[in-house]
Amino acid sequence: MAIIDISGQEVEYEEGSSYFDIALGLDASQARSFASVESGSEILDLRDAPNNASQARFLSFGDEGGAMAFWHTTSHLMAQAVKRLYPDAKLAIGPAIASGFYYDFDISEQLTPESLDEIEAEMKKIIRENPRIERFFLSRDEALKKMQELGEPYKVELISDIAHDEAISFYSQGEFTDLCAGPHLLSFSAIKAFKLTSIAGAYWRGDESNKMLQRIYGISFPTKEALAEHLGQLEEARKRDHRKLGREMDLFSLHDEAPGFPFFHPKGLAIRNELEAYWREEHKKRGYEEVRTPIILDADLWRRSGHWDHYKDNMYFTEIDEKEFAIKPMNCPGSMLLFKRKLHSYRDLPLRYAEMGLVHRHEKSGALHGLMRVRCFTQDDAHIFISHSQILEEVSSIIGFIDDVYSLFGFSYHVELSTRPESSMGSDEQWEEATESLRQALDHVGLDYKINEGDGAFYGPKIDFHLRDSLGRTWQCGTVQLDFQMPELFDCTYIGPDGEKARPCVVHRVLYGSIERFIAILIEHYAGEFPLWLAPVQAVFMTVSEEYAEYARKAMAEFESLGIRCELDTRNEKLGYKIREAELSKAPYMIVIGSKEMESEAVSIRSKKRGDLGQHSPQEAAQMLSEEIKSKSIPE
């Protein structure tokens, strides 16, 4: 007999028992609702045995690890259906992702939406057959032979990359067998509802020099109601797509002549300018100094910073006077040079440099997506030089700053502490100190967080903030990175209290992440209906007929004198038509002017959110909107 702690309960089990056997012993009725097992930092298959694990937790669909097992199993179900319908299809990869699953196929025939209907029908047939899902292991040579016999060249290539002494796991279901590390569900019976959502092109291994495959995306749930709710959210997301609303509201555009390099229109720039003005105001309050560093810097600088070894494939280069230069992908080295330009004392610390820095990064053409994924963007960066004794206070203060900013926009968020990646710089001791320092800061401010193993920056661990929007989707935006490496690489020093040179550490920090992406998130979060202070057009003046145009211009001047962004509609159209057009343009306020308004030297105000607000003098109405703008409130 052995003992394991299952979610705080000590459980005895027979040696050699699987986790599913243990679950059956605890509660046979509930055991079949489990999808996987969490033990330490690993997500395991229910078929696994504890193997010296002292603690474990069973995961259902409602847990992230459970949902991943659920979706991974459904991707294999889909692959089996595809192989039945297209016997010559070659299998590539089919992972679970945050929004469901996908599988890449090499199929000679071009798939269509009708193809997805046929695949779904075959998937339902397989579920009714309920084939037993079994896992087995082969040696590397046996695995290569099996995939060669099955005619799966992509699987052969994947196996060839695996170490010779490693046992390789496979899952079989009926006539279908696939290379897979799992975990998977015990059977298909739990998959009550699914939908194949789209088809896209995807290069094998993400390399444009490789063959283009066909990728099928899908989602699955344990209930039909959950699927219906999810599909409703997808439809709402399509309505809110920032690319669609960006066109309709005339905010920005992307052109074939500049792929991945966005153009901001006057209305889009109005939003951007407001975000930057707020950013500058808040940084000034908190003792930051704004700086600007060049876009092009000597390539040797990037070798020195470590970006060359860890990031050069994502960088753009140019030559000046027969010397190689790089277009900056990040702002960090420029701030290091600024710090080094003069001698600093411990009294100067913390030294907070803030920069709206334009950076360029090479993204593959297939990854470009509106403003969400571009090749040039503006990072709202900060590099804060501090002593080691100031880490706790400074990082805690930054966390409070980030919370203030996200609260303003109505975002909730969750936090992850990302640790050392495989490709990194620095000693184990430095990484341990830096990681523990960030952990202490999170504990100090009482913020819940989870560990994201191996996802830190190459120069240091980081705290990532994941925003939750009005549709419940999450977006990684803000980050706080603690860096002991660059001050060493650039030999940054300050004079300590003892009169000796000391090495600072640097906090790299962004709030928005990038202005472009943050605007895209806001467009979708608000469905284009921005709070008044951000709205590109804050009030549309409309006349009942052209004879009131002169008075309308005079009234609008009162608003414009307070900095309110206005448009005037004097077209010879019905008032109802003008109101509907203004509402479709997402304007927060409509100012109506006719004979009654002109006679009483007033304006009638209509709020998109609150309806008719009655008549007011132009001065009163302008002041009312001005106060709302200053408050930066979000109307209910």
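Only this structure's heavy atoms are used, side chains among them; waters, hydrogens and symmetry mates stay out. Residue indices begin at 1 and follow the sequence shown.
- A side-chain donor-acceptor contact under 3.5 Å links H369 and R243.
- In summary, K608 and E529 engage in a salt bridge, as defined by a charged side-chain N under 4.0 Å from a carboxylate O.
- Counted by atom type alone, H265 and S253 present one or more donor-acceptor pairs between their side chains at under 3.5 Å.
- A side-chain donor from one of H388 and E433 sits under 3.5 Å from a side-chain acceptor of the other.
- Checked against S470 for a side chain to side chain donor-acceptor pair (under 3.5 Å), the options E524, R240, E236 give a single hit: R240.
- At a threshold of 4.0 Å, the pair D464-K462 counts as salt-bridged, since one of the basic side-chain nitrogens sits closer than that to a carboxylate oxygen.
- Within the 6.0 Å centre-distance limit, the rings of F61 and F221 are counted as a close aromatic pair.
- Under the 3.5 Å distance criterion, the side-chain polar atoms of Q390 are matched with a main-chain donor or acceptor of S387.
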Go through the steps for L254 and F263 under the test side-chain contact (heavy atoms from CB on, under 4.5 Å), then give the verdict.
-> CA-CA 6 Å; L254 291 153; F263 289 66; over 6 Å; no
Might you work through the side-chain contact (heavy atoms from CB on, under 4.5 Å) test for V374 and F261, ending with a clear yes or no?
-> CA-CA 6 Å; V374 291; F261 301 92; over 6 Å; no
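- Checked by atom type, the side-chain pair D403/Y413 shows a donor-acceptor distance below 3.5 Å.
- Within the 3.5 Å criterion, the main-chain N or O of I43 finds no donor-acceptor partner in the side chain of S36.
- Around CD of E627, the count of heavy atoms belonging to other residues, nucleotides or ligands within 6.0 Å exceeds 12.
- P504 and C492 get closest at one heavy-atom pair: CD-O, 3.1 Å.
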Would I515 and E276 count as a side-chain contact (heavy atoms from CB on, under 4.5 Å) if you check the C-alpha gap in whole Å, the side-chain angles of each, and the deciding distance to 0.1 Å?
-> CA-CA 8 Å; I515 288 286; E276 291 191 10; 4.2 Å; yes
Full working for side chain to side chain donor-acceptor pair (under 3.5 Å) between H362 and N314 = CA-CA 5 Å; H362 179 64; N314 296 91; over 6 Å; no
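- Aromatic ring orientation, Y316 versus H360: perpendicular (interplanar angle above 60°, classes split at 30° and 60°).
- Ring centers of F401 and H283: under 6.0 Å apart, within the cut-off.
- Shown here is K632, whose NZ atom has more than 12 heavy atoms of other residues, nucleotides or ligands within 6.0 Å.
- When F409, F411, Y406 are each tested for a ring-ring contact (aromatic ring centres under 6.0 Å, His included) with H525, only one passes: F411.
- With respect to the salt-bridge test (charged N to carboxylate O, under 4.0 angstrom), the residues E436 and R439 qualify.
- For L349 against I386, the heavy-atom pair with the smallest separation is CD1-C, 4.0 Å.
- The pair E488-R503 does not count as a salt bridge, with every side-chain nitrogen at least 4.0 angstrom from each carboxylate oxygen.
- K328 and T293 share a side-chain donor-acceptor pair at under 3.5 Å.
- Nearest approach of L625 to L532, heavy atoms of both residues: O-CD2, 3.6 Å.
- In this structure a side-chain-to-backbone donor-acceptor pair under 3.5 Å is missing from E355 to D381.
- Of the possible polar contacts, none joining the S220 side chain to the I191 backbone as a donor-acceptor pair under 3.5 Å is found.
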Show your working on side-chain contact (heavy atoms from CB on, under 4.5 Å) between R361 and M315 and close with a plain yes or no.
-> CA-CA 5 Å; R361 299 179 186 177; M315 295 170 66; over 6 Å; no
Please assess S99 against R473 for the test side chain to side chain donor-acceptor pair (under 3.5 Å), listing each intermediate value before the final yes or no.
-> CA-CA 9 Å; S99 56; R473 302 170 301 181; over 6 Å; no
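- Because its NZ or CZ atom is not both nearer than 6.0 Å to the ring centre of F385 and within 45° of the ring axis, R352 does not count as a cation-pi partner of that residue.
- Between R610 and E628 there is a salt bridge, with a side-chain nitrogen of the basic residue lying less than 4.0 Å from a carboxylate oxygen of the acidic one.
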Between H307 and F458, is a ring pair (Phe, Tyr, Trp, His ring centres under 6.0 Å) present by the stated rule, with each step listed?
-> CA-CA 9 Å; H307 289 91; F458 68 84; 5.2 Å; yes
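- The pair E248-K586 does not meet the salt-bridge criterion, since no charged nitrogen lies less than 4.0 angstrom from a carboxylate oxygen.
- Looking only at distances, a side-chain donor or acceptor of D483 sits under 3.5 Å from a matching main-chain atom of Q485.
- Tested against Y459, the residues Q430, M486, H310 include a single side chain to side chain contact (heavy atoms under 4.5 Å, CB included) partner, M486.
- For F518 and W279, the distance between ring centers is not under 6.0 angstrom.
- Inspection of the Y203 and R215 side chains reveals no N or O donor paired with an N or O acceptor under 3.5 Å.
- Annotation: E432, atom CD; neighbour count of heavy atoms from other residues, nucleotides and ligands within 6.0 Å does not exceed 12.
- Ion pairing between a basic and an acidic side chain is recognised when a charged N comes within 4.0 Å of a carboxylate O; R420 and D455 show no such pairing.
- A donor-acceptor pair under 3.5 Å is formed between the side chain of R565 and the backbone N or O of A535.
- Comment: R373 does not engage E516 in a salt bridge, judged by the lack of any side-chain N to carboxylate O separation of less than 4.0 angstrom.
- Side-chain atoms of E453 and T419 include a donor-acceptor pair closer than 3.5 Å.
- Residue C477 comes nearest to V510 through the heavy atom pair O-CG2, 3.8 Å, listed as atom of the first residue, atom of the second, then distance.
- S424 places a side-chain N or O within 3.5 Å of a backbone atom of P421 that can act as its donor or acceptor partner.
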